[in-house]
Structures are given as structure tokens and as C-alpha cells.
Undergrad: 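Take a look at the following structure, please.
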2 protein chains.
Amino acid sequence: MDKPTIADVARLAGVTKGTVSHVYNGHRPISAATKKKVISAALSLDWSPNYNAQALAVQRANAVGIVLARDPSVLASDTFFPIFLSGVETVLAKHGVALVLQVVNGHEMECEAYRTMAQGRVDGVIVLDLSRNDYRIPLLKKLQLNAVLADSCNSSKDRGFSNVWVDDRAPIKILISHLLELGHRRIAHVSGPMQYVHSYERAQCYIETMGSGELLRTGDFTANSGVECTKDLLSSSNPPTAIIYSNDVMATAGLSYAQSQGFKIPEDLAVAGFDDDPISEHLNPPLTSVYTNAFKRGQITADRLLAEINGALPESVETEPSRIRFRASTGDR
Amino acid sequence: MDKPTIADVARLAGVTKGTVSHVYNGHRPISAATKKKVISAALSLDWSPNYNAQALAVQRANAVGIVLARDPSVLASDTFFPIFLSGVETVLAKHGVALVLQVVNGHEMECEAYRTMAQGRVDGVIVLDLSRNDYRIPLLKKLQLNAVLADSCNSSKDRGFSNVWVDDRAPIKILISHLLELGHRRIAHVSGPMQYVHSYERAQCYIETMGSGELLRTGDFTANSGVECTKDLLSSSNPPTAIIYSNDVMATAGLSYAQSQGFKIPEDLAVAGFDDDPISEHLNPPLTSVYTNAFKRGQITADRLLAEINGALPESVETEPSRIRFRASTGDR
DNA sequence: CTGTTAGCGCCTTCAC
DNA sequence: GTGAAGGCGCTAACAG
């Protein structure tokens, strides 16, 4: 029982393959009578067009790609990505476009992944975890692959790619001024790895606003690094009274560590996170965090990519600003 | 500047397309001299085989699929999936196989997703979130799609598919007997939705071991449902002294809620979770949880699927048993 | 060891 | 409105 092909349908319907093809993609008028014959033939054979053959003929994969160069432990700690992905999928689904996802480790594998994707496997890619001077940008250009970047500032600079960006400085600024109003003077920041634009932007804004990087520590988004940085900060001779973390996993781990050392939250130490993990609202105390519209951003990004695949020019679009969810860990609510 | 094809390479190397093809897939001996010519020609043109053309010719997509019918909020709360995925990807990557991921909502979309995947987009699928009497099983059979199921017991029953299963009852049994030893008599369980085999198996084992379902509550893996079920349990006239949750998000939310109500953990209430979220070890108190070998299971599952795609027969394989990480939330450590 | 020749299954231009 | 035929880029017999 081989799978039926378009020829089988054509034969059964008493028409040619071309006609069958056209009733399925509406590229030319078809009489109601033959349309009906064809459809019932296809139905009775349970036929639908073969993906690879179609892709080869029209030179379009109807798929987009995401390649993630991340350690599994970081992947698991990231609450942004799954929600972003859901957003992406909602719009892809509407257009019958699939997502091919590749998790790689190492530069080598990453390049290889983009290369094979460019070989007709996908029509474009979404680029996450952008770093400053990202080497993927020239690579993607060379591969002539449609791409949209998820950026943290409007750094379009004629890179030739769409970027869907959010102002990653704004929430830091708001958080700091809020903490200052509450009387905090020694405010620390536990950032992510500095090669990432989001981490860099946030840290840079932190330094500029505070006028010093004395209380800046660099983590790697894992719970462990959250604990380590917190330990380091709290054991100094002049410890902070507030810490802003660059994700909720580090914040939660840091918060618990502080509690275990006898710090009362928020009385002795105010804590804020980033990304608003679904659990954060339910911690004790509830964690103040930055809500980043991951779902919406996924949708916008996918929309942009599809537009570009369909011939639109690259464009830089700003997404909804992030909003702070103030909760008890900073003494709010 | 169109992309070069195999014909361009052949011409430049002074050989035929067939020869080029064979130096790239080693399906027959090639003299060192021509091999060299071909390779340098390919390199200079920056050519590599077009994915769709190759897939069409060999009738193989070199891709496998996963379709997830989940609400975004649940996706975000699930720490098992991303790690499982990483495991899957490590073995797929080794074989140059891609993963196509589809997040759908609703039965309709789910069927459609499997249907298009079966149309040559992938060579097989991994089936997660298995439910009892899963309607996808007959569907996949009809589609003649290779599939491996992630199961919670050895329910192979000649379904005609491989299943990679773990005993989901064992950890519940261990947890309960451990709590009994600690003196607990009123032990509650907050499960996931009962249609899932994993939730069902755990709940069923809980009922059998405890001899009653009085303290069983059904959640949906979200933080909110964790709070609601906990609230319900703790407000009863004869509340439990221990609660086992079916994932860490519900456990953490429940734990925090209990704390906020003045319960001391573990003195007044012992708490245990499932899946060992990276954050759980860093909570205050650290959360006892069931470590499920997600990464390893992903690897085994992918291995099985690839084997089957390459002609192996369906097979039921048991994975490493889950292990409990006893921590302070149950009075351990 | 290498060239030749059909396809893989679908789409699309050209005729009618 | 429909049929016929060529081609998308690659692989795999079949020859030699």
C-alpha cells in the first residue's frame, strides 16, 4: 500500500495532474464539476500533496528555523523561550508553516545547523540570544537566509535584517528609581553573560544609572550562579540592600539563599527578577519581576519573518515595552 | 547569484552529477583523484546538496517531529520537556536529523499536524503526554508513521509502536513509605489531569497505597492549581500533614501558600514535588522532588526512533528508574 | 572506477 | 477551462 500520488488522483478523477494541482492551490479557474470530481477522488484515496515534492517544485520549505546554542541546564531555566515559542507557533500554524528547532552546542555545530537550514530546509530563521557583534549576522548574510533578530535595542544599523526589539534598559531604570524611592541606596545587579546584548544593555544601563559597577556581578542564568553572586554580594563589608537579577531563576535562588542566611525579604533585602516566571507570583514572598510579553513578541517576530519570506523588506519594529510586576519581594503590594 | 546545483559542481570538476553524488554519500568507491577534484569544486562553489531534492529522491526527510498539544502556560511550567528535548537533540544532531516542533491547540490542529508531518515532512514522531486510550495511536497507525511513545508503564499491548517507558508508580510508592516512616499518616496527593497516563498512574498508585482517595486533588500543572488544591486541602477539618505534588511548579506554589498561611515547612507540612526543577534545590526550604532523567530519556527515545526509521522493529524499552532527591521540605538532609 | 538515464511527486508554462 | 510536457535538484540502477 504505497501512498497515493497526484497521478493516482488524476487518473481516478479522469483529469490530468496539472488540473489536480490547480484545484488544490487555486492558481487558475476550475469548473465546479471537475473540482468536485478531483476533491472526491483525493478524499477517497486519502491523498494530500507530498511535502518534499512540493517544496522542491516551488522552492519553498514552508518552514522556519530556530537554532539554540544553549546548555540544557540553561534551557530548562528559561521561561522566556517556551512562551515565545508558543507565540511564534500560533502565527506559523495559521499559515501552515512548520518550525524546525535545533539545539546545538558549540560554534561548529551552530554554523552547520544554519548552513543546512539554508539548504532549503527552511525559508528563514529567528535569531535569539543575540550577542554584540554576533558572528551569525555575516554568516546569515552569506547564506542568503531570511532572518529576523530578537534584539534589545534599536541597533538596526543597516545590518540588512529585520529586528524585533524591546527596550531592555527601560525596566532596569524603572526598577532602580523605584528602589531609590523606597530608600535603597546600595542596589546591586546580577546580570547574565555580557556577550548577550540583553545582558549587556541591562548591565550598562545599571552602571550608568547607579554611577558605578561596584555592585555588579555576572551570572549565567542558572540557579547556582544566582546563589554564588548573592553570597558574594551579601558577604561583603558593605552589602547591598536590594538586588536586581537578570532572570527569575537566579533571583529565586538568591532570595532563598538570603532567607536561609537570616535575611528578611524585603525588610533586610529587596529582590527583583526578570521574565516573570509563572512561579514567581507564588513564591513567599511573591517576587517582583519584569514581564516581557514573550508571547506577543513571538507572534510579532513570526509575523515579521513570514512577511519577509513573502518578499517584504527588512524592517525594524519595536514591541510593547516590558512592564514591572511589583510584588512583596520589593516591599510592594 | 543563484545557489549552485550539483550540476555546476559536476561541470566544474569535469565529472557527472552521479559521481559528485557518490563522493558525497560514499555509496560506491571513488578514486582519490576525482574525489579531490569534486571536493575542491564543491568548496569553491560553496555547494552542498539541496535538502528537498535529496529528501524527494531518497524518500526520507531526515527529520523527526514532536507535536505538543499544550496551553502556553503549561508549556512554560514544564521543566521536563526542555531537558528531554535537549537529550533528543544530542542524538539527532549526531545523525544530522532535524526536529520539527509543532505546538497546537485543539484536537483538530493536532490531527492536522500529524497528517502533514506524515506527508514526507518527517520520518517519524515522538509522542509525549500520552493519554489512556490515546486517539493518536490509531491515527498514527493509519498514517503509517514511525512513532515512539513516552509511556509511564509497560503498556505495550501490541499497539505496534515502540514505547520508552518509566515506572511512574515507583517514586510515589517510595515517597509515601518514606513519609510514613517519618510518622505522617495523612498524606495528600495533588495530581495532574487524569487523562494523562503519567498522572493516572501516579494517582492510582497513590490511592492503592494509601487505601483511599480522600486526600487526592486534581490539578493541571499550573501554579494556580497548586495553590487552589493546597488551599482546599489545608482548609479541611482534618488536613494532611504531607502533600505530594505531581510537578514542582504546583509544589512550589503550594509550599509558598502554606508558608503564607503560617505553616512551617516541614514541621507543620511536608511537601514533595515531581520533575526536580533546577530551582527546587534552591528554594527555602529546598524541595524534595523526583528526578526523572529527562535528558537520558530524551536520548533513549530518539535512539529508538532512529533505529525504527532505519528498519528496526518496534520495541518496548524501560528507562532508568526515577530517583527521589530528598531535601528539607520533607525534613530530610 | 565512472558515465548515462530514469525517475522521486509536484508545479507551471505553453498550447489548445 | 483543460491537457501535455518540461523541470525543480538529487539519487540510484544499469551499463561499460
Side-chain angles (χ1 to χ4, degrees), chain A residues 1-39 41-42 45-63 96 115-123 144, chain B residues 1-39 41-42 45-63 96 116 118-123 144:
Chain A
M1 284 271 303
D2 278 346
K3 294 221 172 129
T5 77
I6 198 172
D8 300 319
V9 177
R11 200 176 315 117
L12 183 61
V15 299
T16 83
K17 297 190 295 174
T19 303
V20 176
S21 173
H22 283 116
V23 351
Y24 269 78
N25 58 32
H27 281 189
R28 77 182 185 192
I30 300 280
S31 80
T34 61
K35 180 179 291 185
K36 192 169 170 187
K37 277 191 305 187
V38 168
I39 296 210
L45 291 175
D46 198 27
W47 173 86
S48 55
N50 174 274
Y51 167 74
N52 293 302
Q54 183 168 317
L56 180 59
V58 304
Q59 303 282 63
R60 152 161 328 199
N62 266 305
R115 194 160 257 116
T116 72
M117 285 204 179
Q119 222 55 38
R121 211 193 257 282
V122 303
D123 305 313
Q144 306 183 55
Chain B
M1 284 269 306
D2 279 346
K3 293 219 173 132
T5 77
I6 198 172
D8 298 321
V9 177
R11 200 176 316 115
L12 184 59
V15 299
T16 77
K17 297 190 296 172
T19 304
V20 175
S21 174
H22 284 116
V23 353
Y24 269 80
N25 58 31
H27 280 191
R28 75 183 187 193
I30 300 281
S31 79
T34 63
K35 182 179 288 186
K36 193 168 169 189
K37 275 191 306 185
V38 168
I39 296 209
L45 291 174
D46 198 26
W47 172 87
S48 56
N50 175 274
Y51 167 73
N52 293 302
Q54 182 168 323
L56 179 60
V58 302
Q59 302 282 62
R60 152 157 332 195
N62 266 305
T116 72
Q119 223 54 35
R121 211 193 258 282
V122 303
D123 305 312
Q144 305 182 54

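Note that these values count all heavy atoms, side chains included, but never hydrogens, waters or copies made by symmetry. These numbers come from a predicted model, not from an experiment.
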Undergrad: Could you measure the distance from the CZ atom of B:Arg121 to the CG atom of A:Asn62? Nearest 0.5 Å is fine.
TA: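 Answer for the CZ-CG pair, B:Arg121 versus A:Asn62, is 6.5 Å.
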
Undergrad: So which nucleotide from C:dG3, C:dC10, D:dG3 ends up closest to the side chain of A:Pro49?
TA: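 Ranking C:dG3, C:dC10, D:dG3 by closest atom to the A:Pro49 side chain puts C:dC10 first.
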
Undergrad: Identify the heavy atoms of B:Gly120 and B:Ala61 that sit nearest to each other, and give their distance.
TA: O-CB, 3.3 Å

Undergrad: Of the candidate nucleotides D:dC10, D:dT2, D:dA13, which contains the atom at the shortest distance from the side chain of A:Arg28?
TA: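 Nearest to the side-chain atoms of A:Arg28, counting from C-beta on, is D:dT2.
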
Undergrad: Strictly below 4.0 Å: does A:Gln54 bring a side-chain N or O up to OP1 or OP2 of C:dC11?
TA: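 Indeed, a polar side-chain atom of A:Gln54 lies that close.
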
Undergrad: Specify whether B:His22 and B:His27 have parallel, tilted or perpendicular ring planes, treating 30° as the upper limit for parallel and 60° as the lower limit for perpendicular.
TA: tilted

Undergrad: Hey, which of these two, B:Gln119 or B:Lys35, hits DNA chain C nearer its 5' end, going by closest nucleotide?
TA: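 Nearest-nucleotide comparison on DNA chain C picks B:Lys35.
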
Undergrad: At their closest point, which heavy atom of A:Gln119 faces which heavy atom of B:Asn50, and how far apart are they?
TA: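 Closest approach of A:Gln119 to B:Asn50, heavy atoms only: O-ND2, 3.6 Å.
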
Undergrad: It should be established whether B:His27 places a side-chain nitrogen or oxygen under 4.0 Å from OP1 or OP2 of nucleotide D:dT11.
TA: no

Undergrad: Grab the NZ-P distance between A:Lys17 and D:dT2 for me, whole Å please.
TA: 18 Å

Undergrad: The side chain of A:Ala57 is closest to which nucleotide in this list: C:dG9, D:dA12, D:dT2?
TA: C:dG9

Undergrad: Side chain of A:Val58 only, please: which of C:dG3, C:dT12, D:dA12 is the nearest?
TA: C:dT12

Undergrad: Indicate, with a heavy-atom threshold strictly under 4.0 Å, whether A:Val20 touches base, sugar-phosphate, or nothing.
TA: nothing

Undergrad: CZ of B:Arg11 versus P of D:dC10: gap in Å, rounded?
TA: 12 Å

Undergrad: Identify which nucleotide among C:dC10, D:dA12, C:dT12 has an atom closest to any side-chain atom of A:Asn25, counting heavy atoms from C-beta outward.
TA: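 Nearest to the side-chain atoms of A:Asn25, counting from C-beta on, is C:dT12.
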
Undergrad: Rounded to whole angstroms, how far apart are CD1 on B:Ile6 and P on D:dA12?
TA: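 To the nearest whole Å, that distance equals 11 Å.
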
Undergrad: Rounded to the Å, how far apart are B:Ile30 CD1 and D:dT11 P?
TA: 12 Å

Undergrad: Quick one: is D:dC8 close enough that its OP1 or OP2 comes under 4.0 Å of any side-chain N or O from A:Gln59?
TA: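 Answer no for this pair, as no side-chain N or O of A:Gln59 is under 4.0 Å from OP1 or OP2.
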
Undergrad: Between atom CG in A:Asn50 and atom C1' in D:dC8, what is the gap in whole Å?
TA: 13 Å

Undergrad: Can you identify which nucleotide, out of D:dA12, D:dT2, D:dG9, has its nearest atom closest to the A:Ser31 side chain?
TA: D:dT2

Undergrad: Output yes when at least one side-chain N/O atom of A:Thr5 is less than 4.0 Å from OP1 or OP2 of C:dC8, else no.
TA: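 No, outside the criterion.
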
Undergrad: How many Å lie between CZ on B:Arg121 and C1' on C:dG9, as a whole number?
TA: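 Rounded to the whole Å, the gap is 16 Å.
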
Undergrad: Any side-chain N or O of B:Ser21 below 4.0 angstrom from OP1/OP2 of D:dT11?
TA: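 Yes.
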
Undergrad: Please report the C-alpha distance between A:Val20 and A:Trp47 in whole Å, then the side-chain angles of each, then the deciding distance to 0.1 Å, and finally whether the side chain to side chain contact (heavy atoms under 4.5 Å, CB included) criterion is met.
TA: CA-CA 11 Å; A:Val20 176; A:Trp47 173 86; 4.3 Å; yes

Undergrad: First locate atom OG1 of A:Thr5, then atom NZ of A:Lys3, and finally report the distance between them rounded to the nearest 0.5 Å.
TA: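 Here the rounded value is 12.5 Å.
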
Undergrad: Rounding to an integer number of Å, can you tell me how far B:Asn52 CG sits from D:dT11 P?
TA: 12 Å

Undergrad: So, is B:Thr34 near the phosphate of C:dC1, with a side-chain N or O under 4.0 Å from OP1 or OP2?
TA: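 The answer is no; no side-chain N or O of B:Thr34 sits under 4.0 Å from OP1 or OP2.
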
Undergrad: Between atom CG in B:Asn62 and atom P in D:dC10, what is the gap in whole Å?
TA: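 Result: 15 Å.
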
